[in-house]
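Counting starts at 1 for both ligands and their atoms, in listed order.
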Amino acid sequence: MTNKLLSIITPVHNEADGIQNFIKGSLLPVLEKLTYNYELIIVNDGSTDNTLKIIQNLATNNKNIKIISLSRNFGKEPALSAGLAYAKGSAAITIDADGQQPPRLIPDFIKKWQSGAEIVTGVRSQYTKHGLIQKLGSKLFYKLLRLMGNKSTVPGSTDFRLMDRTVIDEFNKLSEHNRITRGLIDWLGFKQEYIEYIYGVRTAGKPSYNLKKLFHLAIDSFVSMSTTPLVIFGYLGVFITIGSFILGLFCIINQYVLGDPLQLYWNGSVQLAIFITFLIGLLMISQSITALYISHIYAETQGRPLFIVDQKESRNLIKK
Ligand code: UDP
Ligand code: MG
């Protein structure tokens with residue numbers, strides 16, 4: 001067991017204030033105590049402050065520390081993917097560098113992995129010390145995600161996560177650009193377990209994800225993981241079309257067949273309004289159909305594999 005390698009991946013963007021403390025003070029002490037060898041992959045995601053210098057210094061003194069320095073700021077999701085592409089371990093753990101995800105839980109992640117889980121995801125048990133808007137936003141996000149057909153994402157899942165080698169290899173095959181790691185991992189499948197933890201307070205520096213970025217992230221998740229928003233407007237169109245058709249029929253029969261016994265006096269503009277509403281309904285339906293075609297094209301361009309085989313559970317297969 002002892003010669004097995006674990007990869008720890010941490011993305012950093014302008015974390016000069018806290019990175020030294022985080023790595024030396026809280027992460028390395030945990031890693032040194034593990035019964036595994038470790039490699040700590042720090043992905044510098046285009047930091048413009050002193051971060052790169054600091055982690056390069058750390059790496060000269062500790063050969064287990066590897067630095068991937070991206071050419072510019074690509075965002076946390078691509079940074080994580082870069083780390084996973086270079087990870088050599090039989091499992092990888094991704095963890096934020098701001099101290100909000102406590103490294104002391106790493107042994108718990110490993111225990112779950114040893115007892116068979118292929119993915120162990122950290123779930124925040126409390127929305128600690130987060131602004132009210134973000135708290136509500138996050139709740140709303142998961143509600144909407146569920147509503148839109150993504151039933152598998154557990155509310156509060158974070159990117160504090162362990163992935164088995166099999167999962168990493170499958171993940172590395174994915175080539176889509178607009179990626180939300182969380183959603184993709186859920187899409188991959190495999191045996192997933194959860195660890196609840198209290199999301200800590202940032203130890204230093206500022207979060208790079210402001211409300212605007214989070215909002216974009218949320219929109220991306222919806223757009224890339226489900227087609228329900230497109231279908232909703234289609235249904236609305238069907239509802240409007242049928243509704244206005246019935247209303248129009250009623251109008252004609254009431255006016256011209258029965259001679260307006262209800263004395264509604266629906267004149268030409270009312271009739272026109274009903275007709276236009278009917279047409280708008282048709283437009284919405286055709287829009288939604290077009291959008292579905294586009295979403296299918298989008299899915300094709302993502303180039304995701306058609307299926308993923310769980311090699312461990314399959315039997316008598318010839319391995320490629
Ligand atoms: N991060 C990154 N690239 C970015 C933004 C953030 O690599 O463009 C890193 C950041 O240094 C930290 C982690 O991703 O280690 C989480 O970032 P942050 O604390 O800003 O996000 P939050 O905690 O709000 O999810
Ligand atoms: Mg943070």
Undergrad: Please determine if the Mg ion (ligand 2) has an N/O/S atom from D98 lying under 2.8 Å away.
TA: yes

Undergrad: In this structure, are over 12 heavy atoms from other groups packed under 6.0 Å from F74 atom CZ?
TA: yes

Undergrad: Could you name the option among T10, N44, D96, D45 that has the heavy atom nearest to atom 13 (C) of ligand 1?
TA: D96

Undergrad: Using distance alone, with no hydrogens and no angle criterion, decide if Q192 and T121 have a side-chain donor and acceptor under 3.5 Å apart.
TA: yes

Undergrad: Against heavy atoms of V12, which atoms of ligand 1 measure under 4.0 Å?
TA: 7 (O), 11 (O)

Undergrad: Does the side chain of Y197 pick up a donor-acceptor pair with the side chain of T158 at under 3.5 Å?
TA: yes

Undergrad: With heavy atoms of Q100 as the reference, note each atom of ligand 1 found under 4.0 Å away.
TA: 19 (O), 23 (O)

Undergrad: Quick check on E300: does its CD atom have over 12 non-hydrogen neighbours (other residues, nucleotides or ligands) under 6.0 Å away?
TA: no

Undergrad: Give the atoms of ligand 1, by number and element, whose distance to some non-hydrogen atom of R202 is under 4.0 Å.
TA: 18 (P), 19 (O), 20 (O)

Undergrad: Below 30° counts as parallel, above 60° as perpendicular, anything between as tilted: where do the rings of W266 and F250 land?
TA: perpendicular

Undergrad: Please could you name the atoms of ligand 1 that Y199 approaches to less than 4.0 Å, counting only its heavy atoms?
TA: 22 (P), 23 (O), 25 (O)

Undergrad: In ligand 1, which numbered atoms sit nearer than 4.0 Å to a non-hydrogen atom of E15?
TA: 10 (C), 11 (O), 12 (C), 15 (O)

Undergrad: Checking side-chain polar atoms at under 3.5 Å, does T181 have a donor or acceptor matched by the opposite partner on E77?
TA: yes

Undergrad: Could you tell me if T166 and D169 have a donor-acceptor pair between their side chains, going purely by distance under 3.5 Å?
TA: no

Undergrad: Would you check the N or O atoms of A79, main chain and side chain alike, for any that come under 3.5 Å of an N or O of ligand 1?
TA: no

Undergrad: Could you list the atoms of ligand 1 found under 4.0 angstrom from a heavy atom of A97?
TA: 15 (O)

Undergrad: Taking only heavy atoms of N73, which atoms of ligand 1 are found under 4.0 Å from at least one of them?
TA: 3 (N), 4 (C), 8 (O)

Undergrad: Can you tell which part of K76 has a heavy atom less than 4.0 Å from ligand 1: side chain, backbone, both or neither?
TA: both

Undergrad: Would you please say whether a donor-acceptor pair under 3.5 Å links the side chains of N21 and S26?
TA: no

